[in-house]
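Contents: one structure, followed by commentary.
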Amino acid sequence: STGTVAAAAVVKRATLPATPPASEGIDVDEQNLAALASGQPATVTASGFRPNEEGIKVVVYSTPVLLDTVTADASGVATWSGALPAALEDGAHTLTFQGSVDRGLAFTLARATAAIGTCTVEGATLNWGYKESFRTYIEGIAKGGWTLTDVAYRYPDFVWENGAGSLDGTALTGLVTYGGSIAFTGHDGALNTTLGNARVELAGDTGYLVFDVTGTTQAGESVDQQGVRLAEFPLADAAVVDGALRLDAVATTLTEAGAAAFGTYQAGEQLDPVTAVIPVDTACGTAVAEEPEADAGASAAVTAVTEPADTEGAPVWPWIVGGLVVVALAAGGGVLIARRSRTAQAEPETTEG
Ligand code: HEM
């Protein structure tokens, strides 16, 4: 009445319902249910939403993990396609769509093998600065810093070592766990966000930087989410070559799940590029690459053949990709994709406000 208008909080609620709001109403055919339950990419749909309704959250339980947001079509049917996070443990889960109505699907996740793929990963490294403007803000305006556990800071990146896990070098699926944590602080404690237990998840076309996110968003909401696919990056031209899968300054963006857990930034926000060297055991297979394409602008398509170590004499056939005949099978052979390489500058270990 005095003419003062309270500013509405525009940041989306980071808090998801603690239990699934629905366990029925998501439609899935047998094939897609089998794929979903084994951790493979699947497509599910649900109806009853408003025509063209936006921002329908796709959330998997028991511990709520936001996977994505989707938009309904003109008939109010929402569709989600994707694979469940590799960090999700086997067992009973409920997939939900949360919008103007809630829909769900109870299923049991049972991955075919305990480890994803046959290639064992050890001694993997990861370099990622999260977001340069955020680091600058922390050190400047926020008068804060970061506390590192089992992570180093070598400007402009946080650096993790000794990542371990497994992957399938052909399907480019896998999970490498680096652990550690970065606790960002500032504004005399008002800013307090920890990115813990770093993982790199490979999911076919797309890779994710996965963290447990705890703390307080800029809007003051407390967050405690496990296994958040915080950042994503394309895996289009990644391959196992010379015993390792290398990511060389690949651009990353904030995911929907990351935006919900961290606050402030919108999904799609540009984050710092990721560099990683993910060595695989020698039994993992031989990289196979075709001639680089004549068109210098196009990136060469490269694939890898995974040779399981102990498959009773079964032949392993090279893949034929995109109509190009794969020729080389010799150990160590392969064409490494040339990319911009970065030189890390050495900087002080930590910052303090
Ligand atoms: C006392 C409370 C706070 C004050 C006064 C404050 C102030 C500010 C200001 C002035 C900016 C703009 C900086 C610029 O334009 O360069 C900013 C940006 C930002 N703040 Fe805060 N903030 C507070 C709390 C928080 C909290 C709790 C978070 C939680 C994560 C947070 C995260 C951010 C982020 C991510 C940015 C954007 C940085 C960038 O990428 O440029 N802030 N804040």
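Nothing here was measured: the structure is a model prediction, and the numbers come from that model. Order of appearance sets the numbers: ligands from 1, and atoms from 1 within every ligand.
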For this session: Would you tell me which option among Gly263, Ala219, Gly215, Ser133 has the nearest heavy-atom contact to atom 41 (O) of ligand 1?
Result: Ser133
Do the rings of [X] and [Y] sit parallel, tilted or perpendicular, given the 30° and 60° boundaries?
X      : Y      : answer
Phe49  : Phe97  : tilted
His93  : Phe107 : tilted
Phe134 : Phe184 : perpendicular

Problem set entry | Under 4.0 Å to a heavy atom of Phe262 - the qualifying atoms of ligand 1, by number | 35 (C)
For this session: Pull out every atom of ligand 1 sitting under 4.0 Å from any heavy atom of Thr216, numbered as shown with elements.
Result: 29 (C)
Exercise. With a 4.5 Å limit on heavy-atom distance, are the side chains of Tyr61 and Ser23 in contact?
Worked result: no
Exercise. Are there more than 12 heavy atoms of other residues, nucleotides or ligands under 6.0 Å from atom CG of Asp27?
Worked result: yes
Exercise. Is it the case that more than 12 heavy atoms not belonging to Glu122 sit under 6.0 Å from its CD atom?
Worked result: no
Tell me which protein heavy atom sits closest to [atom], plus the residue, atom name and distance to 0.1 Å.
atom                    : answer
atom 27 (C) of ligand 1 : Ala190 O, 3.1 Å
atom 29 (C) of ligand 1 : Gln218 N, 3.5 Å
atom 15 (O) of ligand 1 : Ile141 CD1, 4.8 Å
atom 37 (C) of ligand 1 : Tyr265 OH, 3.6 Å
atom 2 (C) of ligand 1  : His187 CG, 3.8 Å
atom 11 (C) of ligand 1 : Tyr137 CE1, 3.6 Å

Exercise. Looking at the rings of Phe262 and Tyr130, which for Trp means the six-membered one, are their centres under 6.0 Å apart?
Worked result: yes
Problem set entry | Backbone or side-chain N/O/S of Thr264 under 2.8 Å of atom 21 (Fe) of ligand 1 | no
